[in-house]
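Here's the structure, in structure tokens; my notes come after.
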Amino acid sequence: MYKILTCIIINCSFTRSFKKNDYFCVLINLILRKMSNIHGSIHFKVPEPTLRRLPWYLAYAQLVLKEGEMYLSSTQIAKNIAVDASMVAKDLSYVNISGRTRVGYDVKELVDILESFLGFTNSHKAFLFGVGSLGGALMHDNGLEQFGLEIVAGFDVKYELTGTSINHVPIHHIDRFEELQKQTGINIGVLTVPVDKAQMVSEIMIAGGIQAIWNFTPFRIRVPENVIVQNTSIYAHLAVMFNRLNAIKEDEKKRLINQKQQKIK
């Protein structure tokens with residue numbers, strides 16, 4: 001039991017810092033790579049599961065680079081990220097980098113290429129909709145800019161928030177959104193409104209020119225085919241975690257019952 005829980009804790013600690021860039025890279029990559037004709041069908045070259053894993057490889061490569069390592073094999077990456085080595089090699093084949101036989105990948109080159117491929121070296125400006133506790137926390141988070149996302153303004157329906165700011169980011173009433181979108185051309189929106197307002201606000205965003213939505217609400221918004229949505233529900237992840245923990249507890253109970261039955265026999 002202790003070993004199982006230890007594995008869960010270590011894995012959560014390792015991946016927690018990558019979660020934002022994990023989801024954000026999917027959002028940015030989908031926007032940049034194949035969103036050409038809004039009236040035609042959109043084909044994405046890179047599978048989404050691959051896009052979700054690439055930031056894990058990047059984070060590990062950055063760590064190894066800081067430690068002074070020059071080369072990194074797919075086997076090393078696989079072992080430390082807990083994925084299959086063949087999967088690592090296949091994922092990296094999408095980013096136009098080749099490893100050397102019996103040597104591996106040049107670590108600095110791997111970091112540079114992954115950062116560029118995932119869009120982290122470019123600055124992508126975004127509007128945030130719903131300046132509540134979660135929205136405010138995201139506006140406070142300077143770490144997002146390290147991964148290419150800059151929230152330049154927040155919008156809310158509360159008039160009392162108009163004219164205020166969080167972390168030097170101005171807050172406007174949502175009525176000003178279309179005006180400011182036309183001035184800036186910003187096409188990424190972060191959605192952190194209450195669940196009952198999610199669909200309505202997403203429609204306002206889309207009508208005003210937003211083409212990609214990072215949705216933090218548990219509601220699955222309905223959007224046109226040419227609009228990118230990346231759903232990041234913390235509640236969904238909690239459900240998975242609680243379910244897995246309950247399964248471990250049930251297995252432990254069954255094991256103890258079996259042990260008692262064996263002793264009785």
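Note that these values count all heavy atoms, side chains included, but never hydrogens, waters or copies made by symmetry. Residues: numbered from 1 along the sequence shown. Since the model is a prediction, treat every value here as computed from it, not as a measurement.
Closest approach of Leu65 to Val107, counting heavy atoms only: CB-CG1, 3.7 Å. Thr75 and Ala85 make their closest contact through CA-CB, 4.2 Å (heavy atoms, listed as atom of the first residue, atom of the second, distance). Residues Val193 and Gly130 come closest through the heavy atom pair CG1-CA, 3.7 Å. Smallest separation of non-hydrogen atoms from Leu149 and Ala126: CD1-CB, 3.5 Å. Minimum interatomic distance between Asp91 and Leu54 (heavy atoms only, all atoms of both residues): O-CD2, 4.0 Å. When all heavy atoms of Ser233 and Arg220 are compared, the closest pair comes out as CB-NH2, 4.2 Å.
By the 4.5 Å heavy-atom criterion applied to side chains, Tyr71 and Tyr105 are not counted as neighbours. In this structure the side chain of Thr162 never reaches within 4.5 angstrom of the side chain of Ile171, judged on heavy atoms. Contact check for Met205 versus Ile213: side-chain heavy atoms found under the 4.5 Å cut-off. Counting heavy atoms from C-beta on, the side chains of Leu138 and Phe216 come closer than 4.5 Å. Ile174 places none of its side-chain heavy atoms less than 4.5 Å from the side chain of Asp156. The shortest side-chain heavy-atom distance between His140 and Ile166 falls under the 4.5 Å cut-off. The shortest side-chain heavy-atom distance between Leu92 and Ser74 does not fall under the 4.5 Å cut-off. Leu114 is listed as a side-chain neighbour of Val95, based on a closest heavy-atom distance under 4.5 Å.
Side-chain heavy atoms closer than 4.5 Å link hydrophobic residues (I, L, V, M, F, W, Y) into clusters, and following such links, even through other members, never connects Val103 to Tyr60. A continuous path of ILVMFWY side-chain contacts below 4.5 Å connects Phe127 to Met200, so both sit in one hydrophobic cluster. Hydrophobic clustering, with ILVMFWY side chains joined whenever heavy atoms are under 4.5 angstrom apart, keeps Leu110 apart from Met70. The hydrophobic cluster containing Val201 also contains Val152, counting ILVMFWY residues as joined when their side-chain heavy atoms lie under 4.5 angstrom apart, directly or transitively. When the side chains of ILVMFWY residues are joined at heavy-atom separations under 4.5 Å, either directly or via intervening members, Val157 and Val195 end up in a single hydrophobic cluster.
With rounding to the nearest 0.5 angstrom, the CG atom of Leu58 is 11.5 Å from the CD1 atom of Ile113. Note that CG of Asp84 and NZ of Lys79 are 14.5 Å apart. Values are rounded to the nearest 0.5 Å. The distance from atom CD of Glu178 to atom CD1 of Ile210, rounded to the nearest 0.5 Å, is 10.5 Å. Within the model, atoms NZ of Lys197 and OG1 of Thr192 stand 13.5 Å from one another, a figure rounded to the nearest 0.5 Å. The distance from the CD atom of Glu150 to the CG atom of Asn142 is 10.5 Å, given to the nearest 0.5 Å. The line from OG1 of Thr217 to CG of Asn231 is 7.5 Å long, rounded to the nearest 0.5 Å.
Taking the six-membered ring where tryptophan is involved, the planes of Phe155 and His172 are tilted, since the angle between them lies from 30° to 60°.
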**OP:** Check step by step if side chain to side chain contact (heavy atoms under 4.5 Å, CB included) holds for Val88 and Val83.
**Re:** CA-CA 7 Å; Val88 174; Val83 298; 3.5 Å; yes
**OP:** May I have the step-by-step check of side chain to side chain contact (heavy atoms under 4.5 Å, CB included) for Leu191 and Trp214, ending in yes or no?
**Re:** CA-CA 6 Å; Leu191 186 63; Trp214 193 5; over 6 Å; no
Original post:
Run the side chain to side chain contact (heavy atoms under 4.5 Å, CB included) check on Thr232 and Asn215 step by step: do they pass?
Top reply: CA-CA 6 Å; Thr232 306; Asn215 178 25; over 6 Å; no
**OP:** Kindly determine whether Arg176 and Glu179 satisfy salt bridge (Lys or Arg N to Asp or Glu O under 4.0 Å), including the steps that lead there.
**Re:** CA-CA 5 Å; Arg176 289 206 62 201; Glu179 172 196 346; 3.0 Å; yes
**OP:** Please test His237 against Met241 for side chain to side chain contact (heavy atoms under 4.5 Å, CB included), starting from the C-alpha separation and ending with a verdict.
**Re:** CA-CA 6 Å; His237 291 101; Met241 184 176 70; over 6 Å; no
**OP:** Evaluate salt bridge (Lys or Arg N to Asp or Glu O under 4.0 Å) for Lys108 paired with Asp112, printing each intermediate quantity in order.
**Re:** CA-CA 6 Å; Lys108 188 178 185 308; Asp112 291 343; 3.1 Å; yes
Original post:
Going through the checks in order, is the salt bridge (Lys or Arg N to Asp or Glu O under 4.0 Å) test met by Lys254 and Glu250?
Top reply: CA-CA 6 Å; Lys254 290 178 182 178; Glu250 289 299 318; 5.9 Å; no
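With Thr184 contributing its side chain and Leu180 its backbone, the two residues share a donor-acceptor pair below 3.5 Å. With hydrogens and angles disregarded, no donor-acceptor distance shorter than 3.5 Å links the side chain of Asn167 to the backbone of Val169. Judged by distance alone, with hydrogens and angles left aside, the side-chain atoms of Gln62 form no donor-acceptor pair with the main-chain N or O of Val111 at under 3.5 Å. Remark: the backbone N or O of Gly119 is paired with a side-chain donor or acceptor of His124 at under 3.5 angstrom. At distances below 3.5 Å, at least one donor-acceptor pair connects side-chain atoms of Ser202 with backbone N or O atoms of Ala198. Side chain of Gln76 to main chain of Ser73: a donor-acceptor pair is present (N/O by atom type, distance under 3.5 Å, no hydrogens or angles).
Separation of the Phe117 and Tyr94 ring centroids does not fall under the 6.0 Å cut-off.
With a 6.0 Å radius and a threshold of 12 heavy atoms from other residues, nucleotides or ligands, Asn96 has its CG atom at or below the threshold.
Of the candidates Val223, Ile188, Asn187, Asn226, Asn187 is the only one forming a side chain to side chain contact (heavy atoms under 4.5 Å, CB included) with Gln211.
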